[in-house]
Amino acid sequence: MATASLSPLFLNSSLLPPSAHKLQSCSFSDYRTRTKPICLSITKAEVGVRKEDIIIVGAGIAGLATAVSLHRLGIGSLVLEQADSLRTGGTSLTLFKNGWRVLDAIGVGSDLRSQFLEIQGSWDQLCRMAVKSEDGRELRSFKFKDEDESQEVRAVERRILLETLANQLPPESIHFSSKLAKIEKNADGDTILELVDGTRLHGKIVIGCDGIRSPVAKWMGFSEPKYVGHCAYRGLGYFPDGQPFEPKVNYIYGRGLRAGYVPVSPTKAYWFICFNNPSPGPKITDPVLLKKQAKDLVRNWPAEILNIIDLTPDDTIIRTPLVDRWLWPAVSPSASTGRVVLVGDAWHPMTPNLGQGACCALEDAVVLARKLANATKSGNASVEDALRSYESERWPRIFPLTIRANLVGSLLQWENPVVCSVRNNVVIPKLVRLGPVLEHTNFDCEPLIQGIKV
């Protein structure tokens with residue numbers, strides 16, 4: 001059996017001046033109660049040249065999942081994050097069974113399950129999803145388990161997911177305040193990353209996990225993600241005395257407007273409102289204004305959605321334009337260039353209509369880690385082959401999902417009253433079947449085990 005390993009990757013202190021031993025690192029030993037890791041910083045005067053085998057750009061879900069997957073296979077990495085701490089703001093995300101299979105494979109599934117509610121009720125309500133009209137009338141109720149007994153659906157707080165992943169990594173694996181300024185190639189095919197503070201890093205392998213506005217993707221020739229014509233308000237309502245909702249996903253459909261909410265934990269519920277808009281509009285960060293705008297959209301809708309908005313802490317409400325990127329064959333750039341590769345939203349941003357953005361990023365992470373684990377002992381050419389193999393395996397899954405998510409969103413955002421009436425009275429109650437809608441959540445993922453060829 002082949003042993004897949006690289007030397008553990010930490011800051012190479014021998015390349016730095018004596019004063020440069022104050023690392024920009026963090027401790028996550030108490031991640032459940034701390035929202036910010038303890039971080040130190042490197043001043044510009046302390047900057048030196050560093051050489052790393054694997055550099056991951058971005059400490060979001062994709063970046064941390066990739067780092068943990070590699071770590072499980074005995075491969076170290078250096079993670080660069082432009083913010084001064086984990087970006088734990090924001091709301092929640094829904095993970096289906098494919099996401100949970102990946103989390104199990106990298107060893108964090110059980111810990112996360114203990115903190116978040118499964119969308120289930122009594123035995124006759126397992127994994128329920130209810131669809132309502134804007135006047136509160138229930139159009140259809142689905143039971144996930146009726147279609148797939150293995151289905152698992154939970155809403156997870158982004159903050160806790162990130163901190164749980166970060167806590168799996170060795171100390172000093174994540175360097176904060178490390179914003180990318182320039183990317184270059186040297187004669188040996190290594191990638192040179194220059195940070196805004198002047199630090200220069202040479203990476204044998206660079207993995208871009210830096211989100212929908214990825215500088216790494218831009219350097220590789222990818223276009224900006226395309227706005228799809230609607231925006232979303234999202235938030236995380238907090239109920240100090242306990243949230244009152246049944247453990248089910250609730251959707252409410254109107255004309256060019258839809259909303260939803262789902263319980264996350266005994267005291268929290270995630271909500272969203274998606275609305276048509278001809279342009280992305282200005283960036284708004286004032287939580288008072290965000291709440292007012294969100295409530296104005298659904299003023300006459302069921303009272304529970306308004307109540308959740310009122311109970312949303314200021315730091316958990318956001319407004320974002322929805323975007324995606326269609327990876328047309330023979331038109332879009334490759335996911336890898338030499339030994340630089342993209343993962344998650346940096347490569348395939350998709351709209352949230354299928355709940356698959358985070359799930360697909362998690363899938364990317366384990367697939368790429370396995371490819372690299374098998375290739376790192378065989379030289380640079382083998383690494384490049386592994387990156388191409390990663391793209392060949394992932395593209396047939398990612399491309400159709402991106403298109404399907406876009407089309408589902410477009411159908412649900414209909415404004416024509418006649419079409420909406422047909423949707424609410426014929427399509428949803430009589431024609432929609434949940435099983436085919438959820439086929440994309442099937443994904444096989446065995447545990448990552450160091451030293452075993454996978």
Side-chain angles (χ1 to χ4, degrees), residues 1-9 51-58 62-63 65-79 102 105-106 183-193 201-210 214 216-217 219-222 325 327-344 346-348 360-400 443-454:
M1 292 186 179
T3 301
S5 63
L6 282 176
S7 57
L9 302 180
K51 294 184 179 180
E52 303 289 346
D53 286 337
I54 299 179
I55 300 174
I56 296 173
V57 182
T66 301
V68 173
S69 297
L70 290 168
H71 178 61
R72 292 286 185 253
L73 293 170
I75 301 174
S77 62
L78 174 68
V79 183
V102 173
I106 62 178
I183 308 174
E184 299 174 340
K185 284 279 192 182
N186 67 11
D188 297 327
D190 290 348
T191 304
I192 303 172
L193 304 180
L201 302 100
H202 291 207
K204 292 182 179 179
I205 300 170
V206 172
I207 305 174
C209 302
D210 44 345
S214 165
V216 179
W219 175 79
M220 293 171 64
F222 283 87
R325 178 190 291 131
L327 301 171
W328 292 106
V331 176
S332 297
S334 173
S336 64
T337 298
R339 298 193 297 277
V340 179
V341 67
L342 298 175
V343 169
W347 180 27
H348 50 74
C360 285
L362 292 169
E363 292 179 14
D364 286 353
V366 294
V367 171
L368 178 61
R370 285 185 163 125
K371 301 288 186 184
L372 287 175
N374 287 333
T376 48
K377 285 255 180 173
S378 304
N380 292 337
S382 181
V383 168
E384 293 180 16
D385 289 343
L387 299 185
R388 285 189 287 268
S389 176
Y390 156 77
E391 178 179 19
S392 297
E393 180 173 334
R394 294 300 296 157
W395 181 88
R397 178 161 172 77
I398 294 304
F399 184 51
F443 180 73
D444 293 326
C445 188
E446 297 299 323
L448 300 181
I449 302 174
Q450 181 178 348
I452 294 181
K453 187 172 182 178
V454 287

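The analysis underlying the following values was restricted to heavy atoms, covering all of them including side chains, and did not include hydrogens, waters or symmetry mates.
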Does any N or O in the side chain of Asn186 come within less than 3.5 Å of the main-chain N or O of Asp188, such that one atom is a donor and the other an acceptor?
-> yes

Are the side chain of Tyr390 and the backbone of Asp364 linked by a donor-acceptor contact shorter than 3.5 Å?
-> no

Who are the side-chain contact (heavy atoms from CB on, under 4.5 Å) partners of [X], not counting sequence neighbours?
| X | value |
| --- | --- |
| Glu446 | Arg370 |
| Ala67 | Ile56, Ser77, Val79, Leu169 |
| Pro396 | none |
| Ser332 | Leu327, Trp328 |

Taking salt bridge (Lys or Arg N to Asp or Glu O under 4.0 Å) as the test, write out the residues that go with Arg325, two or more places apart.
-> none

If you take all heavy atoms of [X] and [Y], which pair is closest and at what distance?
| X | Y | answer |
| --- | --- | --- |
| Met220 | Pro333 | O-CB, 3.8 Å |
| Gly208 | Ala346 | O-CB, 3.6 Å |
| Ser69 | Ala369 | CB-CB, 3.5 Å |
| Val343 | Ala361 | CG1-O, 4.2 Å |
| Ala105 | Cys445 | CB-SG, 3.4 Å |

Could you check Arg339, Lys371, Lys204 and say which one makes a salt bridge (charged side-chain N to carboxylate O under 4.0 Å, His left out) with Glu384?
-> Arg339

Tell me, please, which residues at least two apart from Thr337 pass side-chain hydrogen bond (donor to acceptor under 3.5 Å, both in side chains).
-> none

With sequence neighbours left out, write down each residue that passes side-chain hydrogen bond (donor to acceptor under 3.5 Å, both in side chains) with Ser214, or none if nothing qualifies.
-> Asp210

Compare all side-chain heavy atoms of Leu70 with those of Ile207 and state whether any distance is below 4.5 angstrom.
-> yes

[X] side, atom [atom1]; [Y] side, atom [atom2] - distance, nearest 0.5 Å:
| X | Y | atom1 | atom2 | answer |
| --- | --- | --- | --- | --- |
| Leu448 | Leu73 | CG | CG | 5.0 Å |
| Ser334 | Trp395 | OG | CH2 | 12.5 Å |
| Ser389 | Leu372 | OG | CG | 10.5 Å |

With side chain to side chain contact (heavy atoms under 4.5 Å, CB included) as the test, would you mind laying out the steps for Ser336 and Arg388 before giving the verdict?
-> CA-CA 7 Å; Ser336 64; Arg388 285 189 287 268; 4.2 Å; yes

Reference residue Leu193; test side-chain contact (heavy atoms from CB on, under 4.5 Å); the match among Val340, Ile55, Val216 | Ile55

For a side-chain contact (heavy atoms from CB on, under 4.5 Å) with Leu201, tell me which candidate from Thr191, Leu78, Ile192 qualifies.
-> Leu78

For side chain to side chain contact (heavy atoms under 4.5 Å, CB included), just list the numbers for Ile183 and Val206, CA-CA rounded to whole Å, side-chain angles, deciding distance to a tenth of an Å, and then say yes or no.
-> CA-CA 10 Å; Ile183 308 174; Val206 172; over 6 Å; no

Contacts of type ring pair (Phe, Tyr, Trp, His ring centres under 6.0 Å), residue Trp219, not counting sequence neighbours | none

